[in-house]
J.: 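Shown below is the structure under consideration.
Side chains included, hydrogens not; waters and symmetry mates left out as well; all remaining heavy atoms used.
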Amino acid sequence: MYVQLSSFLLVPTYKGRHISRIFPLLQGRCLLFSAAANSLHRTSDGYENNAKKFNFDRLFKSCTQLEHAKRLHAIVVVSGKADNIFFSSKLVNLYAYLGNVSLSRHTFNQIAKKDVFTWNSMVSAYVRSGHFREAIDCFYQFFMTSGLRPDFYTFPPVLKACKNLLDGMRMHCLVLKLGLEWDVFVTASLVHMYTRFGFLGSARKLFNDMPVRDMGSWNAMISGYCQNGNAAEALDVLNEMKLEGITMDPVTVVSILPICAQLDDTLNGMLIHLYAIKHGLEFDLFVSNALINMYSKFGQLEHAQKVFNHMVERDVVSWNSIIAAYEQNDDPHTALGLYYNMKPTGLNPDYLTLVSLSSIVAQLSDSRNGKSVHGYVLRRGWLLKDVISGNSIVDMYSKLGIMDSARAVFEALPVKDVVSWNTLITGYAQNGLSSDAIEVYDMMQECNITPNQATWVSILPAYSNVGALQQGMRVHGRLIKNNLYLDIFVGTCLIDMYGKCGKLGDAMSLFLEVPKTTSVPWNAIISCHGIHGHAEKALKLFREMREEGVKPDHITFVSLLSACSHAGLVDEGQWCFHVMQAEYGIQPILKHYGCMVDLFGRAGHLEMAYDFIKSMPVKPDASIWGALLGACRIHGNIDLATFASDRLFEVDSENVGYYVLLSNMYANTGKWEGVDKVRALARDRGLRKTPGWSSIEVNNKVDVFYTGNRSHPSSEEIYKELRNLTDKMKSLGYTPDYSFVLQDVEEDEKEHILMSHSERLAIAFGIISTPPKTPIRIFKNLRVCGDCHNATKLISKITEREIIVRDSNRFHHFKDGVCSCGDYW
DNA sequence: ATAGGGTTAG
């Protein structure tokens with residue numbers, strides 16, 4: 001027999017760890033062979049003791065690869081043991097354990113006379129390999145056709161396989177019918193089943209009625225509460241357990257740690273860590289993984305890293321956790337380094353590794369590796385199998401600004417959940433493509449997907465961005481119905497939406513309703529007053545915020561400083577800048593410096609602005625020089641402008657706006673060669689002028705107008721109305737200001753160019769498509785043109801309409817021939 | 001001989 005078997009059993013890759021413990025004297029390539037042969041021999045010869053010693057169980061457990069299992073199977077067959085229920089059922093289990101359930105099934109089918117153990121093995125094989133549907137089917141086949149009675153070994157796996165409450169309750173009935181509820185394992189499994197479907201009451205009742213509870217029962221109840229986010233109840237059960245003198249085991253610790261993370265309870269988290277050390281659970285794989293995740297959520301990366309370093313054994317979850325820890329705490333470089341360190345360990349990245357990786361490349365703005373990540377996920381088939389993988393790729397492309405790819409991946413997803421939609425909507429909104437965001441949101445509605453908080457938080461800013469007040473109000477109504485409008489994030493978005501759509505009063509009354517414990521809603525309302533030019537009110541709100549003990553953050557001060565600069569409140573702006581550092585210890589960032597330069601410059605204190613730049617402790621970037629340049633344009637200081645623009649282009653700005661600004665200054669002074677120079681520079685750097693557009697919402701629909709656009713259905717009427725208005729304006733003393741025409745063309749042509757600016761097209765469309773005297777609200781993506789500003793004042797007088805124009809900078813409220821900005825902007 | 005309860009996420 002030895003000779004016969006040896007041909008099967010040349011095992012070149014076998015890791016001899018388990019076997020060499022059993023056979024310290026036998027080592028080498030044929031270990032498995034010897035052990036198997038010995039074991040079989042003695043068993044069949046009736047050497048009971050030896051059979052136990054060299055038991056097959058150890059051998060089965062030592063099979064770590066499918067090849068080993070197949071060889072073992074061969075031994076069983078060759079030695080005529082294929083009909084032995086024990087060996088065959090073991091093989092059924094083994095194949096399932098090694099991930100090949102079809103071989104399990106095949107082996108199972110070969111068994112002529114199946115007993116309860118055999119059926120149990122098959123059922124649990126399906127469950128272990130994740131084939132829940134098949135497990136349930138197999139169970140019913142067992143129950144209905146085999147003539148055997150399922151026993152208390154059958155139900156724990158079957159209950160795990162139930163994928164909805166109905167299945168679970170049916171099983172519960174069967175358990176009662178078969179009188180198996182006395183078994184701790186069975187009842188604990190029922191408890192777990194009920195918690196999985198959120199039926200915590202039923203679970204708790206079963207748990208309370210248990211006459212005996214083992215560790216697994218306690219853990220089922222505690223983890224049930226934890227996974228449903230019921231931290232308080234989980235802690236109650238934990239205390240009850242402690243009172244009965246039972247201590248936590250690794251499973252309890254692992255269930256409870258995410259709760260500490262969720263509650264941001266650093267103290268208890270560390271106490272449990274100490275407990276784990278004291279009870280020798282420190283090096284448990286699951287415990288360590290859970291600790292890494294918890295410390296990561298606390299933001300304590302050193303602790304997470306320490307746990308990781310001290311681990312004796314690491315699996316994919318360990319690596320995923322430590323990579324995600326750095327990725328989510330804004331350290332993509334370290335995270336990427338860890339990813340590369342993972343490779344040589346021989347562990348294969350799984351889909352969650354790639355989820356982190358996609359976020360890493362997005363944070364690094366690494367488009368090239370973004371494509372590789374996409375390819376990797378695609379090749380593995382994860383994109384089709386798992387929504388989360390797909391969503392993470394859509395998110396990655398959105399963050400990289402490649403919306404076409406994001407859209408393509410989204411379209412190809414076989415299953416889209418609410419997160420998929422949210423990700424795409426947020427992607428468009430964050431990339432400034434508001435109308436695309438709205439279009440996707442409308443599609444989502446048509447597909448009957450129920451939006452959630454994240455949806456509102458991304459669609460509302462898109463509405464405020466194009467001034468879709470009516471649609472925004474519709475969402476507001478819906479939120480009132482769902483009682484979500486007082487949610488701090490949604491509420492803030494609504495405030496922002498009303499503020500940016502010109503309804504400052506509505507923004508304010510909402511602000512009074514939402515909880516105001518953090519700076520978030522305060523920042524929104526302060527910034528809204530700022531863009532409306534109400535700097536005094538913004539300052540008053542800031543004082544109230546201080547009185548209520550809410551700590552301002554750096555965004556609060558950006559809003560305040562910008563409010564002061566738009567209103568020309570130089571002293572107040574300086575006061576804010578001082579308070580920010582002296583009272584709140586907030587170090588100014590470039591945005592704050594930019595606001596200060598703007599504050600001085602706009603008010604005409606160009607020297608002060610320049611001195612301020614020289615006194616800055618950080619290197620000025622393009623936005624700083626851009627602010628100075630903008631001020632120079634307002635106050636016509638060509639020399640300083642030339643100086644500022646030289647500095648500006650030294651720092652290699654990517655912002656087209658500054659090139660346009662400088663080119664405009666040259667154009668205004670007739671220096672066309674300067675214009676050409678700047679345009680060439682922008683072209684060399686691959687920058688294209690942002691096309692100007694204006695939008696207006698009429699009848700729940702947003703219309704967008706580009707400068708000179710004639711493709712609108714009402715184009716004829718719009719130009720007719722504009723010619724009509726221009727005539728009336730001229731009789732009121734309007735003369736076109738050609739300094740805003742940036743092309744070197746004839747005068748007639750210039751007048752036409754001014755008339756077809758996008759803001760004027762939108763206003764004219766508003767006039768012809770709404771009833772007389774209705775207010776008109778216009779949005780412009782760039783700054784409003786100076787000549788259009790003058791013209792709009794007159795149009796508001798001629799048509800007796802309020803015209804509210806929001807540009808990239810602030811609001812202009814035109815009424816009776818004057819603008820709320822007092823021509824200071 | 002066969003079983004339950006556990007960590008990572010867009």
J.: Counting distance alone, no hydrogens or angles: does the base of B:dG6 have a donor or acceptor under 3.5 Å from a partner atom on the side chain of A:Asn289?
T.: no
J.: Between A:His192 and B:dG4, is there a contact of a side-chain N or O with OP1 or OP2 at under 4.0 Å?
T.: no
J.: Listed in order of residue number, which residues of residues 348-355 of chain A have a non-hydrogen atom at under 4.0 Å from DNA chain B?
T.: A:Tyr351, A:Leu352, A:Val355
J.: Given atom NZ of A:Lys160 and atom P of B:dT2, what is their separation to the nearest angstrom?
T.: 16 Å
J.: List the residues meeting salt bridge (Lys or Arg N to Asp or Glu O under 4.0 Å) with A:Asp137, not counting sequence neighbours, and say none if there are none.
T.: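 For A:Asp137 the salt bridge (Lys or Arg N to Asp or Glu O under 4.0 Å) partners, ignoring immediate neighbours, are A:Arg133.
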J.: Mark yes or no for whether A:Ser223, through its side chain, and A:Ala220, through its backbone, hold a donor-acceptor pair below 3.5 Å.
T.: yes
J.: Among B:dT2, B:dT7, B:dG4, find the nucleotide with the atom closest to the side chain of A:Pro258.
T.: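 The listed nucleotide nearest to A:Pro258's side chain is B:dT7.
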J.: Would you mind telling me which of B:dA9, B:dG6, B:dA3 lies closest to the side-chain atoms of A:Pro157?
T.: B:dA3
J.: Ignoring hydrogens and angles, state whether a donor on the side chain of A:Asn289 or A:Ser321 is under 3.5 Å from an acceptor on the partner side chain.
T.: no
J.: Checking contacts here: which listed nucleotide (B:dA3, B:dG10, B:dT7) is nearest the side-chain heavy atoms of A:Asp395?
T.: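 The answer is B:dG10.
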J.: On a heavy-atom basis, which atom in A:Val184 and which in A:Val212 lie closest, and how many Å separate them?
T.: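 Looking at all heavy atoms of both residues, the shortest contact is CG1-O, 3.8 Å.
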J.: Tell me which residues in residues 303-329 of chain A lie within less than 4.0 Å of DNA chain B, going by non-hydrogen atoms.
T.: A:Val317, A:Asn320, A:Gln328
J.: Do any N or O atoms from the side chain of A:Arg380 and from the backbone of A:Tyr351 form a donor-acceptor pair under 3.5 angstrom?
T.: no
J.: Mind checking if A:Asn120 touches a base, just sugar-phosphate, or nothing, with heavy atoms under 4.0 Å?
T.: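 Contact class for A:Asn120: base.
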J.: Does the B:dG10 base have a donor-acceptor partner in the side chain of A:Asn422 within less than 3.5 Å?
T.: no
J.: Tell me, with the steps shown, if A:Phe298 and A:His303 meet ring pair (Phe, Tyr, Trp, His ring centres under 6.0 Å).
T.: CA-CA 10 Å; A:Phe298 290 162; A:His303 289 161; 9.2 Å; no
J.: Side chains of A:His273 and A:Tyr295: donor-acceptor distance under 3.5 Å anywhere?
T.: yes
J.: Considering all heavy atoms of both residues, which atom of A:Val377 and which atom of A:Ser389 are nearest to each other, and what is their separation?
T.: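 Result for this residue pair: CG1-CB, 4.0 Å.
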J.: In whole Å, what is the span from the CE atom of A:Met294 to the P atom of B:dT7?
T.: 15 Å
J.: Among the candidates B:dG4, B:dG10, B:dT2, find the nucleotide nearest to the side-chain atoms of A:Phe185.
T.: B:dG4
J.: Have a look at A:Ser255 and say if it touches a base, only the backbone sugar-phosphate, or nothing, with a 4.0 Å heavy-atom cut-off.
T.: sugar-phosphate
J.: Kindly point out which of B:dG5, B:dG10, B:dT7 is positioned nearest to the side chain of A:Ser392?
T.: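 Looking only at side-chain atoms, A:Ser392 lies closest to B:dG10.
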J.: What residues from residues 124-139 of chain A pass a heavy-atom cutoff of under 4.0 Å to DNA chain B?
T.: A:Arg128
J.: What's the shortest heavy-atom distance between A:Tyr397 and A:Gly370, and which atoms?
T.: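 Where A:Tyr397 meets A:Gly370 most closely, the heavy atoms are OH-O, 4.2 Å.
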J.: Please give, in whole Å, the distance from B:dG5 C1' to A:Met210 CE?
T.: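 Going from A:Met210 (CE) to B:dG5 (C1'), I get 11 Å.
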J.: Can you check the A:Leu238 CG to B:dG5 C1' distance for me, whole Å?
T.: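 It is 14 Å, rounded to the nearest whole Å.
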J.: Check the phosphate of B:dA9 against A:Lys297, side-chain N and O only, distance under 4.0 Å to OP1 or OP2. Yes or no?
T.: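 Checking A:Lys297 against B:dA9: at least one side-chain N or O falls below 4.0 Å of OP1 or OP2.
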J.: Is there a stack between A:Tyr153 and B:dA3, judged by ring centres under 5.5 Å and planes under 30°?
T.: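 No; by the centre-distance and plane-angle rule, A:Tyr153 does not count as stacking on B:dA3.
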J.: Among residues 217-226 of chain A, which contact DNA chain B at a heavy-atom distance under 4.0 Å?
T.: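 Residues of residues 217-226 of chain A under 4.0 Å from DNA chain B: A:Ser217, A:Asn219, A:Ser223.
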J.: Does either side chain, that of A:Thr423 or that of A:Asn391, offer a donor lying less than 3.5 Å from an acceptor on the other one?
T.: no
J.: With respect to the phosphate group of B:dT7, does any side-chain polar atom (N or O) of A:Gln227 fall under 4.0 Å of OP1 or OP2?
T.: yes
J.: Quick check: any donor-acceptor pair below 3.5 Å linking the side-chain of A:Asp284 to the base of B:dG6?
T.: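 Result: at least one qualifying N/O pair found.
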J.: Counting N and O atoms only, with roles assigned by atom type, does the side chain of A:Thr195 sit under 3.5 Å from a partner on the main chain of A:His192, one being a donor and the other an acceptor?
T.: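 Yes, because the side chain of A:Thr195 sits within donor-acceptor range (under 3.5 Å) of the backbone of A:His192.
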J.: Whole-Å distance between B:dA3 P and A:Asn93 CG?
T.: 6 Å
J.: Side chains of A:Glu181 and A:Thr187: any donor to acceptor distance under 3.5 Å?
T.: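 Result is no, nothing qualifies.
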J.: Given side-chain contact (heavy atoms from CB on, under 4.5 Å), test A:Asp167 with A:Met193 step by step and report yes or no.
T.: CA-CA 10 Å; A:Asp167 280 353; A:Met193 182 273 295; over 6 Å; no
J.: For A:Met241 and B:dG6, what is the distance between atoms CE and C1' respectively, to the nearest whole Å?
T.: 13 Å
J.: Starting from P on B:dT8, measure out to CZ on A:Phe298 and report it in whole angstrom.
T.: 13 Å
J.: With sequence neighbours left out, what residues match A:Lys399 under salt bridge (Lys or Arg N to Asp or Glu O under 4.0 Å)?
T.: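 So A:Lys399 forms a salt bridge (Lys or Arg N to Asp or Glu O under 4.0 Å) with A:Asp395.
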J.: Name the nucleic acid region contacted by A:Lys399, choosing base, sugar-phosphate or nothing; use a 4.0 angstrom heavy-atom cut-off, strictly under.
T.: nothing
J.: Go through A:His73 and A:Tyr95 one step at a time and tell me if the ring pair (Phe, Tyr, Trp, His ring centres under 6.0 Å) criterion holds.
T.: CA-CA 10 Å; A:His73 195 164; A:Tyr95 282 133; 5.7 Å; yes
J.: I need the CD-C1' distance between A:Glu181 and B:dG4, as an integer number of Å.
T.: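 In whole Å, B:dG4 C1' lies 16 Å from A:Glu181 CD.
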J.: Should A:Met215 and A:Val251 count as side-chain neighbours, where that means a heavy-atom distance under 4.5 Å?
T.: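 A:Met215 does not reach A:Val251 side chain to side chain.
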